[in-house]
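Worksheet for the structure shown next.
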Amino acid sequence: MSNFKTVKLGGTDEIVAKTAHGLMMMTWIPTPVPDEAAFAAIKAGIDSLPPGVKMILNSGEFYAQDRSTLNLELVARFFEKYPSYVDKAFLSVKGGINVQQLVPDSSPESLRRSVTAILTALRGTKSLDLFEPARVDRAYPIEDTVGVLQGFVKEGLFKYIGLSEVSATTVRRAAKVAPIAAVEIEVSPWSYTQETKDVISTCEELGISVVAYSPLGRGMLTGVVKPENLEDGDLRKRFTRFQPENWKHNVAVVDALTAVAAKKGITPAQLSIAWVAARGAHVIPLPGSSDPKRTLENIAGGSVTLSEADLAEIDAVLAQNTVKGGRSIDELESHMNLWG
């Protein structure tokens, strides 16, 4: 445990593990993960932490094929079964979405509805530590949205405010209204644009943590998950990067990173997580896992230190192997306001 890395969550006294645990793919798949397996994966991560360190558990109001609160209901059942784990977890939940149309809705009424739905699904088993609108609703200035959320904090509905898929400019505007604890954006070796870099640097300047989701390229950078092996109905089958022609090209990135990982004696997943962790002391990789072994592998990846030579080798791989296709589904990229 001597090299176990932790992060003090932006502007708070919360000490969390350098690697968080994303829960989305426990329920937003055609066949949800059984409770026993999901609970074992969550427990393994929390059990591995040193005293006084919390695990960020990242959930969403709409993380299900039918966009219901299925994921939160799983979280509630976990804490009902393991109440001693309540104080060892930091629960972050995304909402603020019109769940029927899957588009941002940051009207005051929608935000209150969303927070109420989250708290109802949790059934009092665990407090809501951080709430974040899942995307930016351009119909409402971010200043107004954060003002509403700050009112909810004062009401005691949740403790901290987060943002997701926002630009550096939006982060600055939001932070002038109320403290922002964390900003969630996609960061991985094949999702690292100038916009990503700008958000990371801006958050560092402002003392805000970055929660970096999909550090494993939605599982593909592990070298284990392949598009053809995904269950029918899995959302990832529609992602442009994983369409047959694009995947034939993109698999070269996976193979090259796998070779680098093998030379270091770590897994490709650990290499990608370590690379994301190296973006800054305030950056917290957020991989998902439904298996205890994978959870522990991911957590260990957050404490791997990459040398300058390692980073240079990875940079060379990425420079030589461009990625084809967007990071989401084309129609989602057009209406979910990425980088709002």
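Only this structure's heavy atoms are used, side chains among them; waters, hydrogens and symmetry mates stay out.
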Evaluate the salt bridge (charged side-chain N to carboxylate O under 4.0 Å, His left out) criterion for residues Arg279 and Glu204: first the C-alpha distance (whole Å), next the side-chain angles of each, then the deciding distance (0.1 Å), finally the verdict.
CA-CA 10 Å; Arg279 301 307 95 191; Glu204 182 178 27; over 6 Å; no
Search all heavy atoms of [X] against all heavy atoms of [Y] and return the closest pair with its distance.
| X | Y | answer |
| --- | --- | --- |
| Gln270 | Ile266 | OE1-CB, 3.4 Å |
| Ser106 | Asp137 | N-OD2, 2.9 Å |
| Ser209 | Lys8 | OG-O, 3.9 Å |
| Pro189 | Leu257 | CB-CD1, 4.0 Å |

With a 4.0 Å cut-off, would you call Lys293 and Asp291 a salt bridge?
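Salt bridge flag = no for Asp291 with Lys293.
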Are Glu143 and Lys176 close enough for a salt bridge, meaning some N to O gap below 4.0 Å?
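The answer is no: the pair does not qualify as a salt bridge.
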What is the distance from atom CG of Leu111 to atom OG1 of Thr116, rounded to the nearest 0.5 Å?
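Taking CG in Leu111 and OG1 in Thr116, the distance rounds to 10.5 Å.
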With the side chain counted from C-beta on, respond yes when Met220 and Trp247 share a heavy-atom pair under 4.5 Å apart, and no when they do not.
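Yes, their side chains come closer than 4.5 Å.
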Side-chain heavy atoms of Lys43 within contact of Pro292, under 4.5 Å
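They are not in side-chain contact.
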Just distance, no hydrogens or angles: give the donor-acceptor pairs under 3.5 Å from side chains in residues 91-100, sequence neighbours left out.
residue	atom	partner	partner atom	Å
Ser92	OG	Glu132	OE2	3.2
Lys94	NZ	Asn58	OD1	2.7
Lys94	NZ	Tyr63	OH	2.8
Lys94	NZ	Glu184	OE1	3.1
Lys94	NZ	Glu184	OE2	2.9
Asn98	OD1	Gln100	N	3.0
Asn98	OD1	Gln101	N	3.0

How are the rings of Trp190 and Phe242 set relative to one another: parallel (under 30°), tilted (30 to 60°) or perpendicular (over 60°)?
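Judged by the thresholds at 30° and 60°, the geometry between Trp190 and Phe242 is tilted.
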Residues in salt bridge (charged side-chain N to carboxylate O under 4.0 Å, His left out) contact with Glu313, at least two apart in sequence or another chain:
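Scan of Glu313 (salt bridge (charged side-chain N to carboxylate O under 4.0 Å, His left out), adjacent residues dropped) gives Lys263.
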Any side chain to side chain donor-acceptor pair (under 3.5 Å) pairs touching residues 28-40, not counting sequence neighbours?
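Only Thr31-Glu231, Asp35-Arg77 qualify under side chain to side chain donor-acceptor pair (under 3.5 Å).
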